[in-house]
Amino acid sequence: MLKLENISFEVENEKEILKDVNFTIEKGKFIAITGPNGGGKSTLARIISGVVKPTRGKIIFNGEDITDLSITERAQKGISFGFQQPVRFKGITVNDIINIAAGENITALEASHYLSEVGLCAKDYINRELSDKLSGGEIKRIEIATIIARNSSLSIFDEPEAGIDLWSFNHLIEVFRKMHKNKDASIIIISHQERILDVADEIIAMVDGTIIIRGAKESVLPELLHCESPENCMNCHDILEAKII
Ligand SMILES: Nc1ncnc2c1ncn2[C@@H]1O[C@H](COP(=O)(O)OP(=O)(O)OP(=O)(O)O)[C@@H](O)[C@H]1O
């Protein structure tokens, strides 16, 4: 479904944020990307969704080279992206954005269903404006509801847990489990949360712009959890060097 070929990203001062990243995700798979702060995870998610263009490399989606397509064109092809810090749109209501995401006029009851999926009481939110009066956790949950409504073939979430309270977090895990039951769609989640990593089929760990380990959750998660020096993951890089893919 999705293939990244030698994806690299450099900024003006010649800092290489991503270094020849390669991976493939099959249809129906749930991949979690984790790793220390600044490792390049969000940059990679933004490159897949089309927010930024890679300096080198190719992105193939369902057999088509989408490297030069815009974020809108990629969305039309079935790629949805939930930002780490969602954008607010003044003048647009929650009901509007869910309708836009669903791609058709849906009833208020149907829109409410998507809000309850993310633990929001529809009557309190459906007519609210997407302004800065919504808290960080509320806007994040509304964005997740729009991604569910879009029903895309590839959904990408960047730290969906950020700013979300414990009760809603438990609910969110169930939302991801449910999304994963759709074997025609794939999910990429960037997360630092063990419980989210535990829902994934596979885990990718990124350090310093490079994938240092990728594998089935059952083998990678215990390895990451028993890392003795997570605060200094370059040591992990050395330990795991033999496994670089
Ligand atoms: N456009 C840019 N210009 C300069 N530096 C950038 C740019 N985009 C990203 N960076 C830097 O690249 C590195 C990787 O950033 P990125 O946000 O991808 O990391 P991350 O793994 O998602 O981190 P976190 O876990 O903290 O969210 C960081 O050091 C960041 O400051």
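First listed ligand is number 1; within each ligand, the first listed atom is number 1. Side chains included, hydrogens not; waters and symmetry mates left out as well; all remaining heavy atoms used. Sequential numbering from 1 along the given sequence is applied to the chain's residues.
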Which option wins on minimum heavy-atom distance to [atom]: [options]?
| atom | options | answer |
| --- | --- | --- |
| atom 24 (P) of ligand 1 | N37, L44, V52 | N37 |
| atom 10 (N) of ligand 1 | D158, I190, I47, I17 | I17 |
| atom 21 (O) of ligand 1 | K41, M206, E16, R46 | K41 |

Practice task
Check whether any side-chain heavy atom of F23 sits under 4.5 Å from a side-chain heavy atom of L44, and report yes or no.
Solution key: yes
Practice task
Determine whether K178 and E174 make a side-chain contact, defined as any pair of heavy atoms from C-beta on separated by less than 4.5 Å.
Solution key: no
Exercise for the section: Consider every N or O of F9 and every N or O of ligand 1, then say whether any pair is closer than 3.5 Å. Expected result: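 Between F9 and ligand 1 (N or O atoms, distance only) the closest approach is not under 3.5 Å.
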Practice task
Consider every N or O of G38 and every N or O of ligand 1, then say whether any pair is closer than 3.5 Å.
Solution key: yes
Problem - Note: D208-K19 ion pair, threshold 4.0 Å (strictly below) - result: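 A salt bridge is present here (some side-chain N lies under 4.0 Å from a carboxylate O).
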Problem - Separation of I98 CD1 from I126 CD1 (nearest 0.5 Å) - result: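 Spacing of CD1 (I126) from CD1 (I98) equals 5.0 Å.
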Practice task
Could you tell me if any non-hydrogen atom of K15 lies under 4.0 Å from any atom of ligand 1?
Solution key: yes
Exercise for the section: Without swapping roles, check the side chain of N95 against the backbone of N127 for a donor-acceptor pair under 3.5 Å. Expected result: no
Handout entry: More than 12 heavy atoms from other groups under 6.0 Å of NZ on K53
Key =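 Yes - once you tally the heavy atoms of other residues, nucleotides and ligands closer than 6.0 Å, there are more than 12.
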Handout entry: K3 atom NZ: more than 12 heavy-atom contacts under 6.0 Å
Key =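 No, NZ of K3 has 12 or fewer neighbouring heavy atoms, counting only those of other groups under 6.0 Å.
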Would you mind listing which atoms of ligand 1 come within a distance below 4.0 Å of any non-hydrogen atom of [X]?
| X | result |
| --- | --- |
| T43 | 9 (C), 15 (O), 16 (P), 18 (O) |
| H192 | 25 (O) |
| G39 | 19 (O), 20 (P), 21 (O) |

Handout entry: Which segment of E159 sits under 4.0 Å of ligand 1 when only heavy atoms are counted
Key = side chain
